[in-house]
Amino acid sequence: SNCDGDLLFYTDGQTVFNKNHSVMYNGTNLKGESSLYESTQSAIIVKRPMSASVYYIFTASNIHGISYSVINMQANNGLGAIIQKNTSLSFKPSQKLAVTYHQNGEDIWVVTHYGNSNEFEAFKITKTGVSQNSVSSSVGPKHTGEHGDMKFNQQGNKVGAVVQDQKMVSISDFNNSSGKFYNSYGIVNKYGSPHGVDFSPNGNYMYVSSWDRDGGVYQLPANQGNIYALKNGISLSGNFAPYGSLQLGPDGKIYVTHDGGMYLSIIYNPNNYGLFSSFVRDALYVGFGKSTWELSNVTLVNKIIPDLNGIS
């Protein structure tokens with residue numbers, strides 16, 4: 001959407017739809033599909049810094065790796081068109097895409113973590129495009145699979161990642177100037193089969209959603225150090241273990257999906273500890289069977305006034 005919240009386009013990682021819910025010009029066959037499970041974070045949309053009309057769609061797949069496509073919203077009478085498609089950045093398998101600002105407040109980092117490895121890779125987007133020089137960090141626990149979300153906190157200095165089939169929750173520190181990860185740790189078999197992760201707006205707490213035995217909605221004290229946080233999460237949801245993910249909304253609440261359900265759960269005050277965070281299971285009615293595993297992957301609030309002439 002634009003800065004006023006008006007819909008511009010959306011995608012599932014394979015097809016792009018314009019604001020009229022029609023397929024965008026050249027908007028098919030993006031490389032966001034995966035095998036076995038659908039990719040947890042098949043796509044993330046990033047606006048080109050200082051641009052009024054150019055957007056990037058990054059896609060993640062355990063078949064195709066990491067790619068990006070370019071949209072010009074000035075094309076097709078304002079309905080947009082893909083002008084460059086499926087430029088490959090890596091062929092390594094992944095289902096994770098997270099985004100945060102560079103320390104300079106203008107450039108943007110898009111980050112992934114690869115399956116069957118302990119490697120993060122960070123791609124920098126500037127007003128001139130996607131940098132040819134990525135930043136790799138081989139640190140922390142090995143992810144034996146790809147399925148599960150990854151999110152930055154709003155401060156851009158920590159990232160949480162989960163691997164569902166490995167039953168692993170991890171948290172790492174991030175240098176948003178250099179693009180390097182460090183102080184990365186994980187824990188297995190403590191929080192069920194984790195699928196979703198996100199942070200409170202103030203960054204003090206990391207939240208995890210998981211299913212299976214020991215599943216639930218958990219709050220971890222991210223401000224107490226990464227190892228302590230992983231060992232000392234508390235359950236907010238009792239015996240409710242959602243089949244779904246978490247997403248911090250622009251209203252400061254965290255929304256929780258449950259596949260096949262009629263409601264979204266909400267953490268109303270995620271900056272608060274324990275019961276004071278106000279988790280409500282059946283908080284927002286969405287319709288019979290309308291809740292699914294995922295919500296839209298996080299997008300950034302535009303901190304920079306765009307160049308009204310755009311960037312060619």
Side-chain angles (χ1 to χ4, degrees), residues 3 5 41 44 46 96-111 122 140 149-162 169-177 179-187 191 194-210 216-237 242 244-257 264-281 283-284 295-304:
C3 295
Q41 293 172 303
I44 199 163
V46 176
K96 289 176 167 57
L97 288 169
V99 61
T100 193
Y101 279 106
H102 189 279
Q103 188 182 49
N104 63 24
E106 176 181 317
D107 299 334
I108 293 168
W109 293 107
V110 171
V111 171
D149 289 346
M150 181 168 72
K151 298 282 182 64
F152 277 102
N153 63 4
Q154 295 296 294
Q155 293 70 33
N157 57 19
K158 284 188 184 291
V159 67
V162 300
V169 175
S170 70
I171 185 169
S172 310
D173 291 335
F174 180 68
N175 184 320
N176 58 14
S177 177
K180 297 290 287 187
F181 285 87
Y182 62 101
N183 196 24
S184 180
Y185 299 95
I187 194 167
Y191 299 107
H195 186 86
V197 65
D198 215 328
F199 288 85
S200 59
N202 63 8
N204 286 345
Y205 300 106
M206 186 173 88
Y207 291 86
V208 173
S209 60
S210 62
V217 177
Y218 287 90
Q219 181 190 67
L220 284 66
N223 61 339
Q224 299 295 314
N226 294 351
I227 295 176
Y228 183 89
L230 291 170
K231 291 181 177 179
N232 290 279
I234 59 172
S235 175
L236 303 177
S237 61
S245 62
L246 304 170
Q247 181 59 57
L248 176 65
D251 57 2
K253 303 170 186 176
I254 293 179
Y255 294 82
V256 186
T257 63
L264 298 182
S265 303
I266 296 177
I267 304 169
Y268 281 93
N269 300 298
N271 285 337
N272 295 344
Y273 175 72
L275 295 178
F276 295 102
S277 64
S278 305
F279 171 83
V280 176
R281 175 175 174 174
L284 179 64
L295 291 167
S296 299
N297 205 0
V298 65
T299 53
L300 293 175
V301 175
N302 189 3
K303 291 184 177 181
I304 306 296

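This is a predicted model, so every value here is computed, not measured. We number each residue from 1, following the sequence as shown.
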(request) To the nearest 0.5 angstrom, please state how far the CG atom of Asn226 sits from the CG atom of Leu220. (result) 10.5 Å
(request) With rounding to the nearest 0.5 Å, note down the distance linking NE2 in His195 to CG in Leu246. (result) 9.5 Å
For the pair [X] (side chain) and [Y] (backbone), establish whether a donor and an acceptor sit closer than 3.5 Å, ignoring hydrogens and angles.
X      : Y      : result
Thr257 : Ser245 : yes
Ser237 : Val217 : yes
Gln154 : Phe199 : no
Asn232 : Pro221 : no
Ser209 : Gly196 : yes
Asn153 : Asn157 : yes
Trp109 : Asn176 : yes
Ser200 : Asn271 : no
Tyr207 : Leu248 : no

(message) The criterion is side chain to side chain donor-acceptor pair (under 3.5 Å); which residues satisfy it with Asn223, sequence neighbours excluded?
(response) none
(message) List the residues meeting side chain to side chain donor-acceptor pair (under 3.5 Å) with Asn269, not counting sequence neighbours, and say none if there are none.
(response) Ser278
(message) Could you go through Ile254 and Ile266, starting from their C-alpha distance and side-chain angles, then the distance that decides it, and tell me whether this counts as side-chain contact (heavy atoms from CB on, under 4.5 Å)?
(response) CA-CA 6 Å; Ile254 293 179; Ile266 296 177; over 6 Å; no
A side-chain contact here means heavy atoms from C-beta on lying under 4.5 Å apart; do [X] and [Y] qualify?
X      : Y      : result
Pro201 : Pro270 : yes
Val46  : Val110 : yes
Met206 : Val197 : yes
Gln41  : Asp149 : yes
Ser210 : Tyr218 : yes

(request) Go through the steps to decide whether Val159 and Ile171 satisfy the test side-chain contact (heavy atoms from CB on, under 4.5 Å), and finish with yes or no. (result) CA-CA 6 Å; Val159 67; Ile171 185 169; over 6 Å; no
If every non-hydrogen atom of [X] is compared with every non-hydrogen atom of [Y], which pair is closest and at what distance?
X      : Y      : value
Ile44  : Leu97  : N-CD1, 3.9 Å
Asn183 : Tyr185 : OD1-CE1, 2.8 Å
Ser277 : Leu236 : OG-CD1, 3.6 Å

(message) Which label fits Tyr205 and Tyr273: parallel for a plane angle under 30°, tilted from 30 to 60°, or perpendicular past 60°?
(response) tilted
(request) Look at the rings of Phe181 and Phe174 and say which category their plane angle falls in: under 30° parallel, 30 to 60° tilted, over 60° perpendicular. (result) tilted
(message) If the condition is salt bridge (charged side-chain N to carboxylate O under 4.0 Å, His left out), which residues does Lys158 pass it with, not counting sequence neighbours?
(response) Asp173
(message) Considering only residues two or more places apart or on different chains, which pairs with a residue in residues 196-209 satisfy salt bridge (charged side-chain N to carboxylate O under 4.0 Å, His left out)?
(response) Lys151-Asp198
(message) Before you tell me yes or no, could you show the steps for Tyr255 and Gln247 under side chain to side chain donor-acceptor pair (under 3.5 Å), namely the whole-Å CA-CA distance, both residues' side-chain angles and the distance that decides it to 0.1 Å?
(response) CA-CA 5 Å; Tyr255 294 82; Gln247 181 59 57; over 6 Å; no
(request) Sequence neighbours left out, what passes ring pair (Phe, Tyr, Trp, His ring centres under 6.0 Å) with Phe279? Give chain and number order. (result) none
(message) Ala98: which residues meet the side chain to side chain contact (heavy atoms under 4.5 Å, CB included) condition with it, sequence neighbours left out?
(response) Met150, Phe152
